[in-house]
Structure formats: C-alpha cells, structure tokens
Amino acid sequence: MGGCSRNESDRAFNCPHHIQAGCTGMEDSNSLIQIRKGKIKEIREMNIDPFPYRYDVTDHSRAIIDGYDSYFESQKTVSVAGRIMAMRVMGKASFCTIQDRDGRIQLYVAENAVGQEKYALFKKLDLGDIIGTKGTVKKSKTGEITVFVSEMDLLTKNIRPLPVVKEKDGETFDLFSDKELRYRNRHVDLIVTPGVKETFIKRIKIIKSIKEILNGKDFLEVETPVLQPVYGGAAAQPFTSHHNALDITLYLRISLEPYLKRLIVGGLDRVYEIGKCFRNEGLDRTHNPEFTMLELYQAYGDYNDMMAITEEIFEKTALAVNGTTKAVFDGKEIDLKTPWKRIKVADALKEYAGLDVMNMSDQDLDAAVDRAGGAIKGGFNRGLAIDKLFELLVEEKLVQPTFVTHQPVETTPLCKPDRDDDRFLQRFELFICGTEFANAYSESNDPEFQRKTLFEQSLRREVDDEAPPMDENFVQAIEVGMPPTGGLGIGIDRMVMLLTGESSIRDVLLFPTMRPE
RNA sequence: GAGUCGGUAGCUCAGUCGGUAGAGCAACGGCCUUUUAAGCCGUGGGUCCUGGGUUCGACCCCCAGCCGACUCACCA
C-alpha cells in the first residue's frame, strides 16, 4: 500500500473533497485504492459505466439453492445480483462467489458465454465489486450449485478493499476480528462477518413480534418527545442540549414514562413506545449511552396485568424468533416458559442471603450494607438499604426468569404502595441471569402523594446527582386524574442479547457509541 | 476508576539471545475453459501505536502517554 497508512486512506474516504481533488500525494500513488481508481478509468475507457442506475433482480441465492431441483429442471433464466466475495479467475472461464441479500452463490463466467469484452471486464473486477448476472442454474463438476452466466454487468465498482474472510465447513479463516474496527465500520462488518446480519435481522423480528403482540391487545404505538425541558421517570444523569431560537436548555429523555402517562391522562388508555433513551453514564457490556426501551401503560390495569404481558412478550417472541423458549445467555441455559417464579424482595433476601430484613434494626441493616461492600447515597435510609442489599446479595443468584416484587417505597416515587404494607410497592422487576430485564408498577395516581414524592426526590439532588428535578407540568397532569394504570418498561437491547445469545450490548447495536477517532 | 492482555503489511498473525522484519490471504504481472479457505508461477508492499530513555545498535529492554479488548467497580 505504498506508505499509504490506514489514516491516510481513511482521510481520503471520509473527505469527499479529498476524493474529488484526487489523492495526488506520492504516498498514496501506489495504494490499493489508487489501483482500483485506475480500474474505474480503464472501465470507462471501455465505454462501460462502472456505476449504472438500476438492475432487475429476479432471484436470490437462498431461493436458488433451496429450490435447486426446479431451477435445474426448468432451466429458467435467473437474474441475480450481489457483491463479489471470492474469485477464481482463469484464462477463459472463471468462478466467483457473490453475496446477495440472503447469502452466497457461485457463478461460472466463461468467455464464450458472456463474450470477449465482458470477460475482459470480469478479469478487471475486484473482491467487493457488485455485479448483476443472468444465467441458468446447474451444478458444477464438483457438485456446487452454480449460476452459469450468460450476461454480466458491473453494477458498482469497489475501490476500498474489504477484509477477506474465508469459510470452510463452518470454520472461518482470517476473521475480521478487531472489534473496534468492526463497530466503527459496521457496514464492512455486515458484509464480511458471518452471523452479524442475521443478529440484526433477528433484532428487527423481535421488535416486530413485540409490536404485533401489543397491537393485538389494542395498544396504540405513539411517539413522544426526545428533547425535553424537564427530564424524569428514572434516576440518571441526562445529556444536555440547547435550542438556539428559544434559547433554552433541552435534555434528551432518560425514560419514556412522563409523556406516556400524560397520554393515559388524555384518555388513550393503552399506549406504548419503543424508542431511544439516553443516560449520561459509563459504558460497559450491558450499557450504551443511548439504548432502546419499550414502555407501555394500560389504564385500569395494575402490576399483575404487567406481569402477564411481560410473560407473554418474552415467551411468544422467543418462540417467534427462535422457535423455542430456551435460550443460552452468559453461558447459562435459560427457559422462558411461563409462568415464572414470583418472590418479594424481603423473601428473596431471606431465601438467597439468609437475611430477615423485616426484623432487622436500622443499625443491623446499615452494618449489613457495609459488610456487603455497598454504600447509600445521602446517608442511611431503611428502604434504600434493603434495595441495596438485594442488589448486592441476591440479583446475581436469579438465573431463571424471576419476578421480584414489593421493592421498598423509597426506590421510586412513581409507584403505588402495596395495600397491605405501605412500606413496599406494587412493583416488580424481572431478573434473568442476574440482569434486570423489565420493571413495572401499579402507577402512582394520587396527585398529593405524587407531588410530595416527586418533590422529595428533587430535594435528593443535593446528595444524588441522578435524582431528576421537579416536573410541575407532570404533576398537574396527574392532578387532572390518571386512571388506575399498570406500567411496564423492558430493555429491548438486553432482550435482544438474551434471544440472540450475544454477551455484549455492542453486538446488538448497529452503531454502538464510540470515542471519535 | 482498578487490574489483565494487546497495538507489526489491506486482513489474520509470527518475530528466537537486542543486530532496523516474516507467513498466509489480498494486491500487481504471467499461465490457464470446472474452481471452491488459496488454480499454478512470479513480484511488489512496513511511521513495528506515539514520545522519551538505555545501548555501538531497540519491534524487542525501561519510563510516560494514546487507543482498544476483557474482567471488576459504578449504573433504578
């Protein structure tokens, strides 16, 4: 590559100006890209447009391979198009493998079939070029299903070489394995890394399945603001932006809750949104600064209804995309078959940590938190201590799907206390493999209680930078009267991880957040 | 934020005791009408992450930094 470093060529790629002006620097003159640009010129000199406008595609690789017998018997002319992934070029007859929407198929290109001129063009082509071909389907001498090409056209010339990944009997060679490069160049990753496209198609199917389930229950899919003057609905630091014309600060939402509840007040009764939320926190295997949440709200329902919907969403979606309720996550075999275990936080602490928190003094709780290596923001608080103990001692032990209910009231201001014991909430969190997948409430709708708890939360901002500010307009909405409502949030990215077996959130996000190069 | 590992050709990697680098594929040239991880033969290709230091001499040893992966911590 003649001293043309990766940075140099990336610059050429990223800057259209640079490309138009041509890379005239000495260091670029021998690069692979320069050689391919030269080929474009040669192809144009053959009076062939290296970037034609359209192509009629009639067939795709998988259908041809799956339906080989009928394609072979009919000898119908197929028209396939795709990217060249492998070439075995010989004097007057060659093989190449193209990759289309569905997979790969081998082509046989012979000079006496396509003509001298097109064969000369074919010999100039590179891995990564996109071609369209017409031909008939037969097996080659070694038995591979092959399109015997009678017409071939270049559809798009590649000038930036792709990593060459090879595969034989399921074994891969020279995998494009640098994760950073894969995430930064997902377009390349999608082309060359086996399974990546399938993972993201599965993600799309998961979301489609969820929407079908909810639409079937008369839930309305709505869109609410991403840019908000006051954020809330969760405990997290927001991203901050600024609107120039209004000269105001706007925050990127940290949850969908406040606006969806306004819609319940407004009488839409069953609403949901699947959308991006943004939290200004660290990145790791299960956290990306922007992530996708499902939140739904059902008027006249409560957290029991939410448990039923949660079970249905997970079980039916697993069956829809995987054909089974079994999944392997984090190396553990999970079964999403319903019904799932239900347990109160206090009972879970007793069962999994041997702590009888209901009968422990404040001092004992505080000491237990200390012993578990935890700390409570803003000093000791009985409810937060119990919550912290659960987080530190129990969460990781909940492997099979488990609804954990009756969190302490101090953990959220937006949920109704339990009728029988107002120290705990009508709330559940769903844990699978020690990770939280869903969170649901019997939503708070007592306006005086709501005003009080949100105000108290806003006061915590002095000790907890994740406590959101008071949202007066939201409280006024609750004052208008929100019917009894069940609310549910599901982390879509984590659900996709579970159902695809991916262990990093970055592998289920097409474009995970990266530090700029 | 801490620890571990890593950064060498377009890609995947090797590099011995410190003597300024190799392989496969890709690329380029030649041969070739049934190849298939790569048909055969040949050729070119390097800011060894960056900056210091030690040394006659550093991909290699030392220091600092940058970037990444993984693990842990943090994370309603």
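So you know, we letter chains A, B, ... as the sequences are listed, proteins then strands, and number each from 1.
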With rounding to the closest Å, how many angstrom separate the [atom1] atoms on [N] and [M]?
| N | M | atom1 | answer |
| --- | --- | --- | --- |
| B/G22 | B/A69 | C1' | 26 Å |
| B/G39 | B/G24 | P | 14 Å |
| B/C32 | B/C40 | C1' | 8 Å |
| B/G1 | B/C74 | C1' | 8 Å |
| B/C66 | B/C13 | C1' | 23 Å |
| B/U8 | B/C49 | P | 6 Å |

Heavy atoms only, 4.0 Å cut-off, all strands: where does [X] land among base, sugar-phosphate and nothing?
| X | answer |
| --- | --- |
| A/Thr411 | base |
| A/Gln457 | base |
| A/Leu162 | nothing |
| A/Glu167 | sugar-phosphate |
| A/Lys139 | nothing |
| A/Val89 | base |
| A/Tyr119 | nothing |

For the base of B/U35, is there a side-chain donor-acceptor partner from A/Gln106 under 3.5 Å away?
-> yes

Is the distance from OP1 or OP2 of B/A37 to the nearest side-chain N or O of A/Lys168 less than 4.0 Å?
-> yes

Counting only non-hydrogen atoms, which of residues 107-116 of chain A are less than 4.0 Å from RNA chain B?
-> A/Tyr108, A/Asn112

In residues 459-469 of chain A, which ones come under 4.0 Å of RNA chain B, going by heavy atoms?
-> A/Glu466

Atom [atom1] of [X] to atom [atom2] of [N]: distance rounded to whole Å?
| X | N | atom1 | atom2 | answer |
| --- | --- | --- | --- | --- |
| A/Ile33 | B/C28 | CD1 | P | 13 Å |
| A/Glu281 | B/G1 | CD | P | 16 Å |
| A/Phe437 | B/A76 | CZ | P | 17 Å |
| A/Lys37 | B/A27 | NZ | P | 18 Å |
| A/Arg88 | B/U35 | CZ | P | 10 Å |
| A/Met90 | B/C40 | CE | C1' | 11 Å |

Taking a pair as Watson-Crick or G-U wobble with both distances under 3.5 Å, which nucleotide is matched to B/G3?
-> B/C70

Establish, yes or no, whether a centroid distance under 6.0 Å links the rings of A/Phe390 and A/Phe431.
-> yes

So, for A/Tyr441 and A/Tyr303, is the gap between ring centers shorter than 6.0 Å?
-> no

Taking the minimum atom-to-atom distance to the side chain of [X], which one of [options] wins?
| X | options | result |
| --- | --- | --- |
| A/Glu436 | B/A76, B/U35, B/U33 | B/A76 |
| A/Lys123 | B/G10, B/C32, B/U35 | B/C32 |
| A/Ile35 | B/A27, B/A76, B/U33 | B/A27 |

From A/Leu294, A/Val508, A/Ile313, A/Thr500, residue fulfilling side chain to side chain contact (heavy atoms under 4.5 Å, CB included) relative to A/Met495 = A/Ile313

Let me have a per-nucleotide readout for nucleotides 67-74 of chain B, 5' to 3', with B, S or -, counting only protein heavy atoms under 4.0 Å.
-> SSSSS-BB

Could you tell me the separation between the NE2 atom of A/His406 and the CZ atom of A/Phe424, rounded to the nearest 0.5 Å?
-> 9.0 Å

Sorted by chain and residue number, the ring-ring contact (aromatic ring centres under 6.0 Å, His included) partners of A/Phe122 (sequence neighbours excluded) come out as none

Sequence neighbours left out, what passes ring-ring contact (aromatic ring centres under 6.0 Å, His included) with A/Tyr231? Give chain and number order.
-> A/Tyr251

Sequence-distant partners of A/Tyr352, side chain to side chain contact (heavy atoms under 4.5 Å, CB included), two or more places apart = A/Lys341, A/Ile343, A/Ala348, A/Val394, A/Lys397, A/Leu398

On RNA chain B, nearest-nucleotide positions of A/Thr97 versus A/Leu127: which is more 5'?
-> A/Leu127

With distance as the sole criterion, is a donor-acceptor pair present between the side chains of A/Tyr71 and A/Asp59 under 3.5 Å?
-> yes

